[in-house]
Amino acid sequence: MSEFRKRLIHIHSCSSVSRNMIRAMLNIDPQLLKIYDSSVALLQTHFKLSNEKAQTIHAYLKRSCPGQYLNYLQAKNIFVYTILDSEYPAILKQIYDPPLVLYGMGVKDIIFSEKRLAVIGTRTPTSIGSKTVSAIIPPLSEQGWTIVSGFARGIDSLAHWQALHSTGQTIAVLGSGHSFIYPKENVQLFSQMSKKQLIVSEYPPNTPPQKWHFPARNRIISGLSKAVLVIEAKEKSGSLITADQALEQGRDVFAIPGSILSPQSKGTNFLIQQGAKLVMNADDILQELQ
C-alpha cells in the first residue's frame with residue numbers, strides 16, 4: 001500500500017475534515033505530506049477554518065498516524081476502496097463529487113459486479129409495495145443483477161432481504177459509519193450482509209447517522225448502479241432526490257405505477273409522467289438493460 005494512500009485514508013478519517021477540504025488539500029499538497037507539518041494558523045489560513053476546527057484537525061493529525069488507523073480498521077474487519085485503487089468502480093468515478101474513500105465490510109469482490117441495479121422506495125410501504133419487491137427482485141437476482149440500496153427501513157430493507165433469500169448479491173450504502181447500525185431493527189440484516197454481502201459507506205466507522213448524510217449517500221447508490229428502480233415513493237421523498245441524481249448521472253430510471261389514491265404512489269407516478277420507464281414486471285427492466 002502506498003504511503004500516499006495511507007495518508008489519504010487517515011486524513012479522511014478525521015471527522016472535522018470534509019470532502020471539499022480534502023480536495024483543497026490535494027490542490028495545495030498533492031502528496032498530502034505538508035499537511036502533517038502545518039501549524040494551526042496555516043490550516044486556518046489555507047482552508048478558511050475557525051480556530052477551533054483548525055485546532056481539532058491539527059491535534060488529530062499529531063496524536064494519530066496512518067498506520068495506527070489502518071490497523072484499527074483491520075481489527076474491525078473493515079477494508080477500504082480509495083479513488084486511487086483499481087478495485088474502485090469505474091462507473092462511480094464518473095459522477096460529480098465521487099467519494100474519495102469508501103469503507104467496506106463483507107465480501108469485497110461484490111464491488112466488481114458489472115450488473116448493478118439500485119432499488120429504492122418509501123420507508124412506509126403498502127402491502128402491495130412489499131409484494132412488488134417480492135415479485136421483482138428474485139428474477140433480477142437470478143439474472144445476475146446485484147441489488148444496490150440504502151439499508152433504510154421499508155423498500156430498501158425488503159430489497160436487501162429479497163436478494164439474500166434469492167441467493168443473489170446485494171450492496172448496502174449506509175448514511176453512517178459501520179459502527180452505527182441504523183435503523184436499529186436492521187441488526188439481523190446487517191449481521192447477514194456483513195458476512196455474505198457488501199456494506200459500504202463513505203463515512204468513517206465511528207460516524208453516527210445525521211440527516212444530511214442521507215441525501216449525500218443517495219448519489220453513491222445511483223452512482224454505483226447502471227439504473228435505478230423506484231418502488232413506491234411519496235410526493236416529496238429521498239427516493240425522488242436519488243432519481244434526480246440518477247438522471248444527472250446519465251442512469252436509466254424505472255418506476256412502478258400505483259393507485260392515484262395512494263400517497264406512496266404519488267412520487268412514482270410523477271416520475272413516470274416525467275419520462276421514467278413504467279415497470280410491470282422484471283422483464284421490463286431486463287429487456288431495457290440487455
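Heavy-atom basis, side chains included; hydrogens, waters and symmetry copies ignored.
Looking at Ser194, its side chain does come within 3.5 Å of a backbone N or O of Ser191 through a donor-acceptor pair. Judged by distance alone, the side chain of Gln264 and the main-chain N or O of Pro125 form no donor-acceptor pair under 3.5 Å. No side-chain donor-acceptor contact under 3.5 Å links Arg153 to the backbone of Arg123. The closest donor-acceptor contact from the side chain of Asn186 to the backbone of Phe151 lies under 3.5 Å. Of the possible donor and acceptor atoms, one in the side chain of Gln245 sits under 3.5 Å from a partner among the backbone N and O of Arg219. No donor-acceptor distance shorter than 3.5 angstrom exists from the side chain of Ser166 to the backbone of Gly168, with no hydrogens or angles considered. Judged purely by atom type and a 3.5 angstrom limit, Thr242 uses its side chain to pair as donor or acceptor with the backbone of Gly238. Of the possible donor and acceptor atoms, none in the side chain of Asn20 sits under 3.5 Å from a partner among the backbone N and O of Arg23. Under the 3.5 Å distance criterion, the side-chain polar atoms of Ser237 are left unmatched by any main-chain donor or acceptor of Ala233. Using modelled atom types, no side-chain atom of Arg7 and backbone atom of Arg5 make a donor-acceptor pair closer than 3.5 Å.
Linking ILVMFWY side-chain heavy atoms closer than 4.5 Å, directly or via other members, places Val107 and Tyr103 in a single hydrophobic cluster. In the hydrophobic clustering of this structure, Tyr88 groups with Leu32; members are Ile, Leu, Val, Met, Phe, Trp, Tyr whose side-chain heavy atoms approach within less than 4.5 Å, directly or through other members. Leu33 is not connected to Leu26 by any chain of hydrophobic side-chain contacts under 4.5 Å among Ile, Leu, Val, Met, Phe, Trp and Tyr, and they are in different clusters. Put simply, Met105 and Leu70 are part of the same group of oily side chains (I, L, V, M, F, W, Y) that touch within less than 4.5 Å, one to the next. One hydrophobic cluster, built from ILVMFWY side chains closer than 4.5 Å, holds both Phe112 and Ile220.
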* Please assess Thr126 against Lys131 for the test side chain to side chain donor-acceptor pair (under 3.5 Å), listing each intermediate value before the final yes or no. => CA-CA 9 Å; Thr126 63; Lys131 287 174 186 172; over 6 Å; no

* **Cys65 vs Lys6, side-chain contact (heavy atoms from CB on, under 4.5 Å): CA-CA, chis, key distance, verdict** => CA-CA 9 Å; Cys65 69; Lys6 290 178 185 177; over 6 Å; no

* To do: Evaluate the criterion side-chain contact (heavy atoms from CB on, under 4.5 Å) for residue pair Phe214 and Ile241; output intermediate values, then yes/no.
  => CA-CA 10 Å; Phe214 296 94; Ile241 295 170; over 6 Å; no

* To do: Just do the side-chain contact (heavy atoms from CB on, under 4.5 Å) check on Ser222 and Val228 with the steps written out, would you?
  => CA-CA 6 Å; Ser222 54; Val228 173; 3.9 Å; yes

* Report the C-alpha distance between Ile120 and Ile155 in whole Å, list the side-chain angles of each, state the deciding distance to 0.1 Å, and finish with yes or no for side-chain contact (heavy atoms from CB on, under 4.5 Å). => CA-CA 6 Å; Ile120 56 173; Ile155 297 293; 5.8 Å; no

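Pro205 is not listed as a side-chain neighbour of Phe180, based on a closest heavy-atom distance of 4.5 Å or more. Between Leu174 and Arg217 the shortest side-chain heavy-atom distance does not fall below 4.5 Å. Contact of the Tyr81 side chain with the Lys108 side chain is registered, since non-hydrogen atoms from C-beta on lie closer than 4.5 Å. Contact annotation: the side chain of Ile256 never approaches that of Ile272 to less than 4.5 Å [non-hydrogen atoms, C-beta and beyond]. A 4.5 Å side-chain heavy-atom check between Gln249 and Gln94 finds every atom pair outside the cut-off. Between Leu117 and Val119, the closest side-chain pair of non-hydrogen atoms falls below 4.5 Å. Inter-residue side-chain proximity for Ser201 and His178 is flagged as met; some heavy-atom pair is nearer than 4.5 Å. In this structure, the side chains of Phe190 and Ile199 come closer than 4.5 Å at one or more pairs of heavy atoms.
Checked against Ser239 for a side chain to side chain contact (heavy atoms under 4.5 Å, CB included), the options Ile231, Asp156, Thr268, Val230 give a single hit: Val230. With respect to Ile147, the side chain to side chain contact (heavy atoms under 4.5 Å, CB included) criterion is satisfied by exactly one of Leu229, Leu164, Ile171, Ile137: Ile137. Put simply, the residue from Val173, Leu92, Val80, Asp85 that forms a side chain to side chain contact (heavy atoms under 4.5 Å, CB included) with Leu102 is Leu92.
Between Pro139 and Leu286 the shortest heavy-atom distance is O-CD1, 4.5 Å. The two atoms that bring Gly223 and Arg251 nearest to each other are O-NH2, 2.8 Å, heavy atoms only. For Ile57 against Leu49, the heavy-atom pair with the smallest separation is CD1-CD1, 3.9 Å. Summarising the geometry of Glu288 relative to Asp284, their closest heavy-atom pair is CG-O, 3.4 Å, with the distance given to 0.1 Å. Summarising the geometry of Thr170 relative to His160, their closest heavy-atom pair is OG1-ND1, 2.8 Å, with the distance given to 0.1 Å. Taking each heavy atom of Ile221 and Ala118 in turn, the nearest pair found is CG2-CB, 3.7 Å.
Within the model, atoms CD of Gln68 and CZ of Arg63 stand 10.5 Å from one another, a figure rounded to the nearest 0.5 Å. The line from CD of Gln162 to OG1 of Thr132 is 11.0 Å long, rounded to the nearest 0.5 Å. Taken to the nearest 0.5 Å, the CD1 atom of Ile35 stands 10.0 Å off from the NE2 atom of His58. To the nearest 0.5 Å, atoms OG (Ser176) and CD (Gln210) are separated by 10.0 Å. For the atom pair NE2 of His12 and CD of Glu202, the computed distance is 6.0 Å after rounding to the nearest 0.5 Å. To the nearest 0.5 Å, atom CG of residue Leu271 and atom CZ of residue Phe254 are 12.5 Å apart.
Side chain to side chain, Asp29 and Tyr36 fail the donor-acceptor criterion of an N or O pair below 3.5 Å. Using a 3.5 Å distance cut-off with no hydrogens or angles, the side chains of Asn269 and Gln273 do not pair a donor with an acceptor. Using a 3.5 Å distance cut-off with no hydrogens or angles, the side chains of Ser13 and Tyr60 do pair a donor with an acceptor.
Residue-environment remark: CD (Glu185) exceeds the threshold of 12 foreign heavy atoms within 6.0 Å. More than 12 heavy atoms of other shown residues, nucleotides or ligands fall within 6.0 angstrom of atom NZ in Lys62. Within 6.0 Å of atom NZ in Lys48, 12 or fewer heavy atoms from other residues, nucleotides or ligands are found, so the atom counts as exposed in its surroundings. Heavy atoms of other residues, nucleotides or ligands lying less than 6.0 angstrom from NZ of Lys93 number more than 12. Around the CD1 atom of Ile128, the shell of radius 6.0 Å holds no more than 12 heavy atoms that belong to other residues, nucleotides or ligands.
Taking the six-membered ring where tryptophan is involved, the planes of His213 and Tyr203 are essentially parallel, since the angle between them stays under 30° and well short of 60°. Using cut-offs of 30° and 60° for the angle between ring planes, the His165 and Trp161 rings count as parallel. The aromatic rings of His10 and Tyr69 lie tilted to each other, with the angle between the two planes from 30° to 60°.
The residues Arg19 and Asp97 are annotated as salt-bridged, a charged nitrogen and a carboxylate oxygen being separated by less than 4.0 angstrom.
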